[in-house]
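The chains referred to below are lettered A, B, ... by the order of the sequence lines, with proteins before strands, and numbering in each begins at 1. Heavy-atom basis, side chains included; hydrogens, waters and symmetry copies ignored.
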There are 2 protein chains.
Amino acid sequence: MDGERAPVMADVARVAGVSHQTVSRVLNDHPNVRQTTRERVLAAIRELGYRPNAAARTLVTRRTRTLGVISFNTTLYGPASMLYGIEQAARQDDYFVTVAALAALDRRSVLEAVDRLRDQAVEGIIVIAPQTSAVAALSTVPADVALVAVGCGTHASLRSVAVDNEAGAERATSYLLDLGHRTVHHLAGPRSWLDAQEREAGWRRALTRRGAPVAEPMVGGDWSARTGYERGREIAADPAVTAVFCANDHMALGLLRALQESGRRVPDDISVVGFDDIPEAEFFGPPLTTVRQDFDEVGRRALRALVDAIDHGPVAGGMPRLSIEPTLLVRSSAAGPRS
Amino acid sequence: MDGERAPVMADVARVAGVSHQTVSRVLNDHPNVRQTTRERVLAAIRELGYRPNAAARTLVTRRTRTLGVISFNTTLYGPASMLYGIEQAARQDDYFVTVAALAALDRRSVLEAVDRLRDQAVEGIIVIAPQTSAVAALSTVPADVALVAVGCGTHASLRSVAVDNEAGAERATSYLLDLGHRTVHHLAGPRSWLDAQEREAGWRRALTRRGAPVAEPMVGGDWSARTGYERGREIAADPAVTAVFCANDHMALGLLRALQESGRRVPDDISVVGFDDIPEAEFFGPPLTTVRQDFDEVGRRALRALVDAIDHGPVAGGMPRLSIEPTLLVRSSAAGPRS
DNA sequence: CGATGAATTGTTAGCGCGAACATTCGGGTG
DNA sequence: CACCCGAATGTTCGCGCTAACAATTCATCG
């Protein structure tokens, strides 16, 4: 494209009247460089618009300062937010982030993505794909890349960061119970996701602790508003249901819609609580009471865990499962049952 | 971490009983390698679990096969979807994608992000940040990286891919006019975004073409449901408004909420149309009539344009502005005015 | 004033790979 | 059988950088 090639270290050295090694020292902040020399070199760098060749540096230092993020569907609010949090944190630690979107949910895709990232010599990988199968697949990955899973249950042998889904679900369910409902139904997420399993477990625990009857959860949800709507039509047809805890906000939206179509009022006839606190939840009709997850923070912590693993080897401090406490956000989609 | 270092080409060569160059030829699919030799080499590669060192290859080929994506807020549905589309397409073309999230909207941030990506020697950059200021900043970037902007207006001198916002907005507005509304109000997006400008222009054009009165657009929106709600409260208070075209679906959601709170029925009292067709729009109360954008396709096309630019130099085929036609999706949030 | 050692700078040798050139091999041709 | 030509393979070099070591400078002190 452009005629002359980009300047290299030797060019800078020539202009500054030093050896290329001195330029290297300036670039790498070595202590023993005279102040005046340093300035001369920096001036030359600016003059030539020099930028170090990352490949050459990588070749000799064996470090790419690149991290990989594997994510199933970056379109969902959760994964997208985490990616954002990760990138911000990575920048501060001077790492690049390359992404690998998963084509499918199976073990093969996950391993392919890992492989792809390893080809690029990433120093570590964060996996945002909290399916049971994905976690299982991850355990077969050779230990020469640091790995951190996000929201991947308590599976040992893998460093992970997660929101305490169970606690959040329990809190939401208890809240509905406190409001006076005899029991709470659950619109569950996909069983293959750990988050869904944990939320269901939290819901179940709250119910059994209080001695409330545990109805079969509504299954078939895939996190989308559409499936929330589909299950919602069945829920709307069942007059026994007075309170529903949804596995996430999107499904809650679908449920709200189905309820409205059936003429069942929220919260007068049925109370609804979601999970995630997506930015839109506040503007649902009615505003959704939900459990807030700090995705950004999850992303940041995942990054920190990964950088730790890279810096101090894989076993430093065991395999901590960092857990973030979610909080209940009360809005108007839940109330006591009609007396 | 692990004791022995990863095998290099020379190791493979030794095991296969050939020179390292023959290994290189096998890896790069050179024609003149005997079939039996090729197989021997491949066997050795498998046996050792050899993977080529990307840095070394980059150093000599001067190609990183890495692309950068700059995005303002990957949390928004649009940017997230495009990123997804870009990554999928990039993988097929055998490129890696590294992301750079923008800290702020200003020119400085954009240039910093570009700089960061250039440090990593990306071969090209896709910018998803359709603010006027961002586009302006981009024009100062040296021509040694290929650049493609997504949704960045008709600014020349920059390759770009975009949805035809103006046509979409005009279509939506005309649709409301056809329904019998005397005029259509506009809940505008942030003026600093080209998409917002174009959608406003399309709305304005539809109105003037039909000779309908053009009311001042409601400004102050920032794409979020919250600002949609805030402006919505004002709209609800104005009985003259019978139809609103919102710059995006999220703001439409806020508007819907404000309308409901004020007891104004949709579509009976007021019709609402959005833009984007986010997956949730179908489940708003009521389901939102909106203009569908194919973000995935935008992402794919942006990638194709970028790869073209990389392969054939920056000027091949001029600076085409690829434009994608959006389509109107009729649902129940819009109807004719009360007679 | 010369010795001593620390601070500063220079020189050399790879890192792992692909391009360019050199060499060998194998199979027709006259 | 000598010759030639193309296919197959090997050798050498350098991409741009940092690490290790060598050489030089400089300040300090006896």
Test of ring centre spacing under 6.0 Å for A:Phe295 and A:Tyr77: yes
B:Thr66 side chain near A:Gln120 side chain, heavy-atom distance below 4.5 Å: yes
Touch class at under 4.0 angstrom, heavy-atom based, for B:Thr58 against every strand present: nothing
Side-chain heavy atoms of B:Leu111 within contact of B:Asp115, under 4.5 Å: no
Those residues of residues 115-122 of chain B lying under 4.0 Å from DNA chain C by at least one heavy atom: none
Heavy-atom protein contacts under 4.0 Å, nucleotides 12-19 of chain C, coded B base, S sugar-phosphate only, - none: B-BBBSBB
B:Thr22, nearest nucleotide to its side chain (from C:dG10, D:dT9, C:dT9): D:dT9
Pairing residues for A:Gln35 by the side-chain hydrogen bond (donor to acceptor under 3.5 Å, both in side chains) criterion, not counting sequence neighbours: A:Glu39
Value in whole Å for how far the C1' atom of C:dA7 lies from CD of A:Gln35: 14 Å
SB check A:Asp308 A:Arg304 (cutoff 4.0 Å): no
Pairing residues for B:Asp119 by the salt bridge (Lys or Arg N to Asp or Glu O under 4.0 Å) criterion, not counting sequence neighbours: A:Arg51
Non-neighbouring partners of A:Asn53 that pass side-chain hydrogen bond (donor to acceptor under 3.5 Å, both in side chains), sequence neighbours left out: none
Closest to the B:Thr37 side chain, choosing from C:dG10, D:dG10, D:dT9: D:dT9
Partner residues of B:Tyr95 under the side-chain hydrogen bond (donor to acceptor under 3.5 Å, both in side chains) criterion, sequence neighbours left out: B:Arg63
Please set out all donor-acceptor pairs under 3.5 angstrom arising from side-chain atoms of residues 25-33 of chain B, sequence neighbours excluded.
from    : atom 1 : to      : atom 2 : distance (Å)
B:Asn28 : ND2    : B:Ser24 : O      : 2.8
B:Asn28 : ND2    : B:Ser24 : OG     : 3.4

Atom-pair distance (CZ on A:Arg65; C1' on D:dC17), nearest Å: 16 Å
Beyond-backbone contact of B:Ile125 with B:Val114, side-chain heavy atoms, under 4.5 angstrom: yes
side-chain hydrogen bond (donor to acceptor under 3.5 Å, both in side chains) against B:Arg65, all qualifying residues, sequence neighbours excluded: none
Bending between helix ends of the helix from C:dC1-D:dG30 to C:dG30-D:dC1 [5 pairs per end, 10° resolution]: 60°
Pairs under 3.5 angstrom, nitrogen or oxygen only, protein versus nucleotides 25-28 of chain D, please.
none

Sequence-distant partners of A:Arg108, salt bridge (Lys or Arg N to Asp or Glu O under 4.0 Å), two or more places apart: A:Glu112
Counterpart residues, side chain to side chain contact (heavy atoms under 4.5 Å, CB included), relative to A:Thr36 (two or more places apart): A:Arg34
Protein-nucleotide distance (B:Asn32, atom CG; C:dC25, atom P), rounded to Å: 17 Å
